[in-house]
Number of protein chains: 4
Amino acid sequence: MYYFLAMRSEKKPDGQKQPSFIEEARRTQIIESAIETFMELGYANTSLARIAERAGISKGVISYHFAGKTELMEQIVEQVYLGIVAFVVPLKEKETTAAGELRADIRAVAAYMRNHRSHLLALGEIRNNLRTPDRRPRYGVAFNEPIYQAREALFRRGQENGEFRSFDCRVMAVSVQAAVDQMFAYWVTNPEHDLEAHADELADLFEHATRAGHPEETANR
Amino acid sequence: MYYFLAMRSEKKPDGQKQPSFIEEARRTQIIESAIETFMELGYANTSLARIAERAGISKGVISYHFAGKTELMEQIVEQVYLGIVAFVVPLKEKETTAAGELRADIRAVAAYMRNHRSHLLALGEIRNNLRTPDRRPRYGVAFNEPIYQAREALFRRGQENGEFRSFDCRVMAVSVQAAVDQMFAYWVTNPEHDLEAHADELADLFEHATRAGHPEETANR
Amino acid sequence: MYYFLAMRSEKKPDGQKQPSFIEEARRTQIIESAIETFMELGYANTSLARIAERAGISKGVISYHFAGKTELMEQIVEQVYLGIVAFVVPLKEKETTAAGELRADIRAVAAYMRNHRSHLLALGEIRNNLRTPDRRPRYGVAFNEPIYQAREALFRRGQENGEFRSFDCRVMAVSVQAAVDQMFAYWVTNPEHDLEAHADELADLFEHATRAGHPEETANR
Amino acid sequence: MYYFLAMRSEKKPDGQKQPSFIEEARRTQIIESAIETFMELGYANTSLARIAERAGISKGVISYHFAGKTELMEQIVEQVYLGIVAFVVPLKEKETTAAGELRADIRAVAAYMRNHRSHLLALGEIRNNLRTPDRRPRYGVAFNEPIYQAREALFRRGQENGEFRSFDCRVMAVSVQAAVDQMFAYWVTNPEHDLEAHADELADLFEHATRAGHPEETANR
DNA sequence: AATGAATGAGAGTTCATTCAT
DNA sequence: TATGAATGAACTCTCATTCAT
C-alpha cells in the first residue's frame, strides 16, 4: 500500500558512498529551513538565499549539499511523503471492516496534519508549482495515484463483502482524498477550527455515501 | 448569493471615467493572453514579458492598462469568477428540492469546466500563489467563503424541510467544493476521463451522504 | 574571396524588423566596450558586469540588446572580421602578379593591424576561448578556412603561370597566415617593433619561399 | 640555449626540503589530470573541482600540493616546456650545417607534437590565458624569447658561413616558430592531416626562404 | 597527507517597473 | 495609446580558497 517508493526520483545504488552524520544533519537542517520558508512565504518567494538566511548558513552551503534547487524540493517531497506513510499505514492495518479502515484512515491523517502543519503546507506548495525543465508539472494529480489505488482497493473490498453500495471506486477515492486535503487547508486558514471533529464528520459523510443502504443498491459493479 | 463582488480589489467610484471600448478590448486581450500563459507555464514561469509576447504587444502596454502585475492577476480572478457565477446560478434556481439543486449545481459546474479549462486553471494558479505585499496569501480558502455560505444555506434548507439528515453543514459544504474542484484537476490530468459521468457520480455520492435515511437521523442540529 | 559571410551565425530573414538607430548605436557601444575589456583584461576576466561598467551602463542593458554573452561575442567576431575583409580585399585586387598580390596582402593586413589593435586582440581572445555549450571550440582553426582557400587559390595560380615553384599550397597558406598573425602578436608585445618593416620582411620571406628559382623546381604538383 | 629555467616562477632554495616520492607522484598525477582537463574543456571551463574529479581525489588535495591555481598552471607550463626541450635539443645537436639543423629542429618538434598532443594543447591554453594578479598576460609572446634567440643564433651562423642569404633574423625566427605552432593547431583540428609531411614541407619552405640563392644576396647584415 | 565542509564573491540571466518619446 | 529602452534588484549556480579534523 502507499507504494510511493516507486516514484522516488533516483534509487541510490548500493555501491554509493554513505552520507556522513554531519552531512545528513545539514541536509535535514536545510530541508527543515526550506519547509518553514515555503510555509511562510509561499513558493514564489522562497529563494535559496532566504532558506540559507533562515538556517543561518551561507547560500553556497545549499548548493554544496544539494545538486540544485530542484533536488532540494524533490527531497522535501520525498521526506514529507515518507513521513505521512510511516504514520498512517500502521493505524489503518488494525481495522477489520472496510468502513472501519476508511474512518481510521481519515482520523489518522487528521492527527498527522495537526502535528505536521508546515511539512504538509510545503508539500502542497511544491506539488502545485514544481515543474520540469520543459515546464510541465512535475507532480500534479498523478502524484496521488498510489493513494487512489489504495483507496480503490479498499472500496472494492467493501463492495465485494456487501458493506458498501455500488459506486465508482475511482471517483470515490478521488473525492475522499479531496475532502481530506481540503480539511487541512480549511484548518490552516481557520486555526480555531476543530480538526478532529471535522475528521469525524468526514468519516460520517463517507460512511453514508458508501454504505449499502437499500438491498437493491448493494454493490456488484 | 455568491456575493463575490464584495471582495473586489477596488471599487471604481461612480464618478470615474468610463473605460473606452478599445481600452476594454485591450484589457480583455491581455487577460486572455495571461490566462493561457498561466495555464501553459504555471505561475512561477509567467512573466509580463511572456504574456506580452503571446499577445503580440509590447511589455509596456500591460503596465499601461494595469497598475501592475498584481492588479492584472486580481482582474483575472474577478473575471473568471464572475463568469462561473453567471453560468451556474441560473441553472440552480430552476430546481425546487434541495437535493435537486445540489445535483444541478454540480452538473452545471462540470459543464462550465469543460468549456473553460484554461480559465479555471489560471484561477487555480493565482489563487494558490498570489500573496499580499506582506507575503500572506491573497485568496486562499477564504476565497471560497461565499460559496461555502451558499451551500450551507442550501443544506440547512434541506435539513429543515426533512430532505437531509443531520450533519455539519460547513463540513459538507467544504467537502462538496473540494470534490468538485478535484474533479476538475483530475480531468485536466486525464483528459480522456468522463467529466459528466464523474459529476453524476459525485451527485450520487452527496445524495447518499446527505439524505435522511433513517428516522432517527433526521436533522435537527 | 574571404567568403566569411557563409559562417554568419544566423542570417536575418528579410521580414525581420529593422533595428532602430538608437538600438544600433547601443549595440555598437557595447561591442566597443567589450572589445576594450577583452583587450585589457583577457577573456577569463571579461564579465558582463565589467563591460557594462566600462560603458557606463547597467548590466541588464547588455542582456536587453543581446540574447546573451555568447551572442555578444559572436557579434564581435563577425563585426571585426567584416572590417578586416572590407579593408584588405580591395587592396589586393589591384595587383596583377601572384607574388605582387601576396605582398600587397601582407602589407595591407599589417596596415590594418596598426589601426585596429584592440579589435584584433579581442578577436583572438574570443577565437581562442569561445566554446559551444557542449564545450567544443566554437571557432578554432576552421575559422581560417576561407582565408586558407583564398591563399591556396593564389598560390595555385602562381604555380600554374610559372611564377611559383612546386609546393603544398595548403601548408604554404597555413604558414603565411601563421606568420602574419604572429607578426601582430609580436608587435603587440613589443610596441616599438617596426610593423611595416616586419611586413616587408615577411613578403621577402615568402617571395623566396615560393618563387620558381631553378628550372627543375617549377611547379606541377 | 633554451634557458627557460630563468623564467621559473620560483627557484627553490637549496636548503629546502626535498619533496618525498609520494609528494612528487601526487603532483604529477594532478598535473596530468589538469592537462587533460584543459585539453578537453578549455581554460575557462577548467576548475579545480573538475581537475580533482578527473583525478579521483578531493578538491583540497590540490590546494595542499600547490599554493593555488596559479602555481598549478605555472607548474604545468614548466613541466611541458622542459619536456619539449629535453626532446628537441639532442636531436638538433647532431647536425652540422645550419640548414640541416633547422630541418632537424622542425621535424623533431613535429615528432614531439604527435606524442604529446594534450600537453601542448594545455600549454597553449595556459599561455594564452594566464594573467598576473594585475591582469597583464603572464607569458605571452615573451615566453618565446629563448626560442627566438636560439633560432636567431642559428640563422646568424648560417648567414656568416654563407649558407643563408641576408634577412632579418628576428623576423625569420618569429615566423618559423609561428609556422611550427600553427602546424600543430592545424593537425589538432584535422587529425587526418599528415603531420610529418607538413613538417617536411615546412622545412622546404624555410630552406628556400633562407638559402643564399644569388651571389648578391649573400648575407652580411 | 588528505578530506569534507563552508565561505563569500562573482558569474549570467530574468524580472517588474519606470520613463521619454 | 503604445513603444522601446533602461534600471536595479533578485535569482540560481560556480568558483578558488580556507580550515578543522
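Note on naming: letters A, B, ... go to the chains in the order of the sequence lines (proteins, then strands), and numbering restarts at 1 for each one. Values below: every heavy atom of this structure, side chains too, minus hydrogens, waters and symmetry copies. Every value quoted in this text rests on a predicted model; they were computed, and no experiment measured them.
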Whole angstrom value for the distance that separates C1' of E:dC15 from CG of B:L72:
15 Å

Below 4.0 Å: OP1/OP2 of E:dG4 and any side-chain N or O of A:R26
no

Looking at A:H65, I'd like to know whether one of its side-chain N or O atoms comes within less than 4.0 Å of OP1 or OP2 on E:dG4.
no

Should the pair B:R27-B:E71 be classified as a salt bridge under the 4.0 Å nitrogen-to-oxygen rule?
yes

OP1 or OP2 of F:dC15 less than 4.0 angstrom from a side-chain nitrogen or oxygen of D:R50, does that happen here?
yes

With no hydrogens and no angle check, just 3.5 Å: does a side-chain donor-acceptor pair link C:H119 and C:Q79?
no

Donor-acceptor under 3.5 Å (A:R136 side chain, A:R131 main chain)
no

Given that B:G68 and C:K69 both sit by DNA chain E, which one's nearest nucleotide is further toward the 5' end?
C:K69

With a 4.0 Å cut-off on heavy atoms, is B:S58 in touch with a base, just the backbone sugar-phosphate, or nothing at all?
base

Can you work out whether A:I57 or B:T70 has the more 5'-proximal nearest nucleotide on DNA chain E?
A:I57

Is there a side-chain polar atom (N or O) of C:Y64 under 4.0 Å from OP1 or OP2 of F:dA5?
yes

Any N/O donor-acceptor pair, D:K59 side-chain to F:dT17 base, under 3.5 Å:
yes

Below the 4.0 Å mark, does F:dT12 have OP1 or OP2 next to a side-chain nitrogen or oxygen of A:S63?
no

D:G60 or A:G60, whichever maps to the more 5' nucleotide of DNA chain F:
A:G60

Looking across every strand, which nucleic acid part, if any, lies under 4.0 Å from D:S47 by heavy atom: base, sugar-phosphate, or nothing?
sugar-phosphate

Between A:A49 and D:N45, which residue's closest nucleotide on DNA chain F lies nearer the 5′ terminus?
A:A49

So if I take every side-chain heavy atom of D:I22 and compare against F:dA6, E:dA1, E:dT13, which nucleotide ends up nearest?
E:dA1

If the plane angle is over 60° it's perpendicular, under 30° parallel, otherwise tilted; pick one for D:F143 and D:Y81.
perpendicular

Once you round it to whole Å, what is the distance between P of F:dT12 and CD of A:E71?
15 Å

Rounded to whole Å, CG of D:L48 lies from P of E:dT3 at a distance of 14 Å

Could you list the donor-acceptor pairs under 3.5 angstrom formed between side-chain atoms of residues 54-61 of chain B and any protein atom two or more places apart in sequence or on another chain?
from  : atom 1 : to    : atom 2 : distance (Å)
B:R54 : NE     : B:T37 : OG1    : 3.1
B:R54 : NH2    : B:E40 : OE1    : 3.1
B:S58 : OG     : B:G60 : N      : 3.2

